[in-house]
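Residue numbers start at 1 and run along the sequence shown. The structure presented is a predicted model; accordingly, all values stated were derived computationally and were not measured.
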Amino acid sequence: MKKFIFLLLSITTLVISCQKPDSKNSPIPPLKAFEGTWEYDVWINDSTLENKYFCVKLDSVGNDSIEGLFASVWLNGNRLDGTNANDEIETNVWGKLILDSLYVTVQGSYDESASAKAVLYSVNDSSLLWKTICRNGYDIFIPDSVILKLEPQNESEDTIFSQGKVQNP
């Protein structure tokens with residue numbers, strides 16, 4: 001009888017521990033939380049280069065992947081990267097959602113051999129935190145750390161993609 005009770009408790013424990021968590025209570029943001037056009041709002045620990053611009057446009061591909069474009073202007077307009085440097089680019093950002101973070105690879109255009117990896121965290125419904133975690137090559141012009149603000153989907157909004165400065169994907 002003791003073996004039966006032990007076996008029953010073991011099976012019950014195993015079944016309970018193997019159940020999937022309730023997705024309604026899960027703090028993990030869906031991939032849709034990262035979609036849209038995001039422009040820099042706050043540069044973190046970098047006030048030396050005031051005349052610069054960074055934005056990224058992200059669209060989901062499948063259940064856990066994302067593709068998009070980035071555009072950046074640095075050094076008072078003397079360095080253009082992303083779709084600013086090459087308007088034939090259709091995609092230069094690729095990413096995958098892992099838990100609550102979006103891990104992206106970015107391909108530079110100013111120096112096509114330069115690339116970087118970054119992590120994006122959802123701060124709230126309209127803000128992302130971008131953190132560059134490694135760079136391959138010196139000449140890729142992306143921020144180390146920046147707060148990105150979601151741009152409204154209104155066609156008349158004044159973004160780098162709607163101004164024709166870069167090709168709209």
Check the pair Ser122 / Asp100 against side chain to side chain contact (heavy atoms under 4.5 Å, CB included), numbers first and verdict last. CA-CA 8 Å; Ser122 178; Asp100 63 346; over 6 Å; no
With a 3.5 Å distance limit and no angle check, can you tell me whether Trp130 reaches the backbone of Leu148 through a side-chain donor-acceptor pair? no
Inter-residue atom distance Asp59.CG - Thr91.OG1, 0.5 Å rounding: 9.0 Å
Residue from Phe141, Trp74, Phe70 passing ring-ring contact (aromatic ring centres under 6.0 Å, His included) with Tyr110: Phe141
In terms of hydrophobic clusters joined by side-chain contacts under 4.5 Å, are Tyr40 and Leu128 together? yes
dist Trp38:CH2 -> Glu151:CD (nearest 0.5 Å) comes out at 10.0 Å
Quick one: OG on Ser113 to CG on Asn136, what's the gap to the nearest 0.5 Å? 7.5 Å
Does Ser115 use its side chain to pair, donor to acceptor, with the backbone of Gln107 at less than 3.5 Å? no
Among all residues two or more places apart in sequence or in another chain, which pass the side chain to side chain donor-acceptor pair (under 3.5 Å) test with Asp139? none
Using side chain to side chain donor-acceptor pair (under 3.5 Å) as the criterion, list what pairs up with Lys131, not counting sequence neighbours. none
Does Val56 reach the side chain of Val106, with side-chain heavy atoms less than 4.5 Å apart? no
Taking a hydrophobic cluster as the set of Ile, Leu, Val, Met, Phe, Trp and Tyr residues connected by side-chain heavy atoms closer than 4.5 Å, whether directly or through intermediates, do Val61 and Val104 fall within one such cluster? no
Which heavy atom of Ser101 sits nearest to which heavy atom of Tyr121, and what is that distance? OG-CE2, 3.2 Å
Closest approach of Asn63 and Leu31, non-hydrogen atoms and distance? O-CD2, 3.7 Å
To the nearest 0.5 Å, how far apart are CD1 in Ile147 and CG in Leu129? 4.5 Å
Ser126 meets the side chain to side chain contact (heavy atoms under 4.5 Å, CB included) criterion, sequence neighbours left out, with Asn124, Leu150
Is there a donor-acceptor contact under 3.5 Å from the side chain of Glu35 to the main chain of Ser60? yes
Common cluster, Ile66/Trp94, ILVMFWY with side-chain heavy-atom separation under 4.5 Å: no
I'd like to check the side chain to side chain contact (heavy atoms under 4.5 Å, CB included) partners of Ala116; sequence neighbours left out, ordered by chain and number. Thr132, Arg135, Ile140, Ile142
Strictly by salt bridge (Lys or Arg N to Asp or Glu O under 4.0 Å), give each pair with a member in residues 61-70 just once, sequence neighbours left out. Asp64-Lys96
Listed partners of Thr105 passing side chain to side chain donor-acceptor pair (under 3.5 Å), at least two apart: Lys117
How close do Gly82 and Ser109 get, heavy atom to heavy atom, and via which atoms? O-OG, 3.0 Å
